[in-house]
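Reviewing the structure listed below.
Sequence positions, counted from 1, serve as the residue numbers for this chain. Quick caveat, the model's predicted, so the values are computed rather than measured.
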Amino acid sequence: MLDWFIVRQVQGRVWRSGQSVDAFKFTDISDCLADEDTLVWADIYDPDHEALRELATELGLNMWAVEDAVAPKERTKTSVYQTHTFFTVYAVDTREPEPDTTPDTSLLIKHRISAFVLPRGLITVRLPSFNGESTEFDISEVSRRFDDLGGQRYGVGSLVHALLDVVVDGHFEAVEALDDAIEGLEDELFADGGPRRGLQRRTFQLRKDLVDLRRVVLPMREVVSTIQHRRLDSSTEPALDPLYADLYDHVLRASEWTESLRDMVTTVFETNLSLQDARLNTVMKKLSGWAAIIAVPTAITGFYGQNVLYPGINTAVGFVASSILIVVLVILLYVMFKRRDWL
């Protein structure tokens, strides 16, 4: 694998006649794209808006697509133009949940990637993660997969495939991490000591993460399908068709997994509420049972404490009779409630 050549916030690679070359200059992109035997990839991180507009003017890129590439919170989509294809996707990383983090901390870190697919080149535009994270998308992994595929023989289509393959694999890892988190909540629900504090808030945060992930994963079906059926490297389409078909299958699996997790986290949320109601009913049954048991001696001693004449008043027999009555009724009620699982 060749080294990356960095010019400020621009990285790039160039291939001529299927072979990598050791020179990349960002200012020579238009000349490289004009050469039929050359394939170029330029990756621009956090670009200056005006500089990007000048590049778009030089390369004939659609200005609305350029605006979408730098616009905040743009959705996942693809747009087809006469000379190029534009798409926006989100790569997803996950953070390990820590015990001291608040329940409102998201497990997902999203990185936005926009790309202009030209007949002999790919220009990717990446923006910093909008949740303030310092981690960035590992763009070198795209380059490694492209080299492992031997993508120089297949043109820009294999380069786009390598990029989308890394993004979809990140979606799988994110779905798997959320699946593990939901299983952890399920184990907590039925733990002997009961769930830890903040279970409801953590469940709600997982629901929010799943909603965010769903907005990223589901539109990928349209993106991959559009690129698969409208590639600009028509001479090599048969060789790449199985790769794009496999990529589309991975997208479908990630989408279906995400949908199933929505049902699971909803079930956890509702089950937690049901268990809380069941615990409250158990507590109320026990309180009611003990209240009934305590009411027996209270009623009897209260009756005998009245300032009226009754059999056995001021005698040992009356005291013994009332005491025996209290003990017998208390034992009787205790046995009855115990058999009914009220105590």
Using the rule that Ile, Leu, Val, Met, Phe, Trp and Tyr join whenever any side-chain heavy atoms are under 4.5 Å apart, tell me whether [X] and [Y] fall into a single cluster.
X: L329; Y: V335; result: no
X: L333; Y: I326; result: yes
X: L108; Y: F204; result: no
X: F172; Y: L261; result: yes
X: V330; Y: M336; result: no

Considering all heavy atoms, the nearest [X]-[Y] contact:
X: S158; Y: F146; result: OG-CE1, 3.1 Å
X: F116; Y: A65; result: CE2-CB, 3.7 Å
X: E141; Y: V166; result: CG-CG2, 3.8 Å
X: V92; Y: A174; result: CG1-CB, 3.6 Å
X: Y244; Y: V224; result: O-CG1, 4.3 Å
X: T83; Y: L118; result: O-CD2, 4.1 Å

Side chains of [X] and [Y], heavy atoms from C-beta outward: is any pair under 4.5 Å?
X: L252; Y: Y248; result: yes
X: V168; Y: M220; result: yes
X: H111; Y: I109; result: yes
X: I182; Y: T203; result: no
X: W41; Y: V14; result: no
X: R13; Y: D147; result: yes
X: V265; Y: L178; result: no
X: V156; Y: R120; result: no

What's the verdict on side chain to side chain contact (heavy atoms under 4.5 Å, CB included) for V160 and F87, showing C-alpha distance, side-chain angles and the deciding distance? CA-CA 11 Å; V160 176; F87 65 85; 4.1 Å; yes

Under the criterion side chain to side chain contact (heavy atoms under 4.5 Å, CB included), which of T94, L210, T258 is the partner of V175?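 The single option meeting the side chain to side chain contact (heavy atoms under 4.5 Å, CB included) with V175 is T258.
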
So, applying side chain to side chain contact (heavy atoms under 4.5 Å, CB included) with I113, which one of I139, L164, L163 is it?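 It is L163, the one option of I139, L164, L163 that forms the side chain to side chain contact (heavy atoms under 4.5 Å, CB included) with I113.
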
Point-to-point distance, once rounded to the nearest 0.5 Å, from [atom1] of [X] to [atom2] of [Y]:
X: M264; Y: E183; atom1: CE; atom2: CD; answer: 6.0 Å
X: I293; Y: S288; atom1: CD1; atom2: OG; answer: 11.0 Å
X: R112; Y: K110; atom1: CZ; atom2: NZ; answer: 10.5 Å
X: D209; Y: R214; atom1: CG; atom2: CZ; answer: 15.0 Å
X: D165; Y: L247; atom1: CG; atom2: CG; answer: 6.0 Å
X: L107; Y: K208; atom1: CG; atom2: NZ; answer: 12.0 Å

Taking only residues two or more places apart in sequence or in another chain, which ones pass salt bridge (Lys or Arg N to Asp or Glu O under 4.0 Å) with E67?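 So E67 forms a salt bridge (Lys or Arg N to Asp or Glu O under 4.0 Å) with R53.
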
Backbone N or O of [Y] within a donor-acceptor pair of the [X] side chain at under 3.5 Å?
X: H171; Y: Y90; value: yes
X: S260; Y: W257; value: yes
X: D46; Y: L127; value: no

Under-4.0 Å salt bridge between [X] and [Y]:
X: R262; Y: E259; result: yes
X: D148; Y: R144; result: yes
X: K77; Y: D68; result: yes

Using distance alone, with no hydrogens and no angle criterion, decide if [X] and [Y] have a side-chain donor and acceptor under 3.5 Å apart.
X: N62; Y: H84; value: no
X: T88; Y: S114; value: yes
X: T76; Y: R215; value: no
X: S79; Y: W64; value: no

Kindly indicate, with the supporting measurements, whether the criterion side chain to side chain contact (heavy atoms under 4.5 Å, CB included) is fulfilled by T78 and V89. CA-CA 9 Å; T78 181; V89 295; over 6 Å; no

Report the C-alpha distance between L159 and V117 in whole Å, list the side-chain angles of each, state the deciding distance to 0.1 Å, and finish with yes or no for side chain to side chain contact (heavy atoms under 4.5 Å, CB included). CA-CA 10 Å; L159 194 55; V117 185; over 6 Å; no

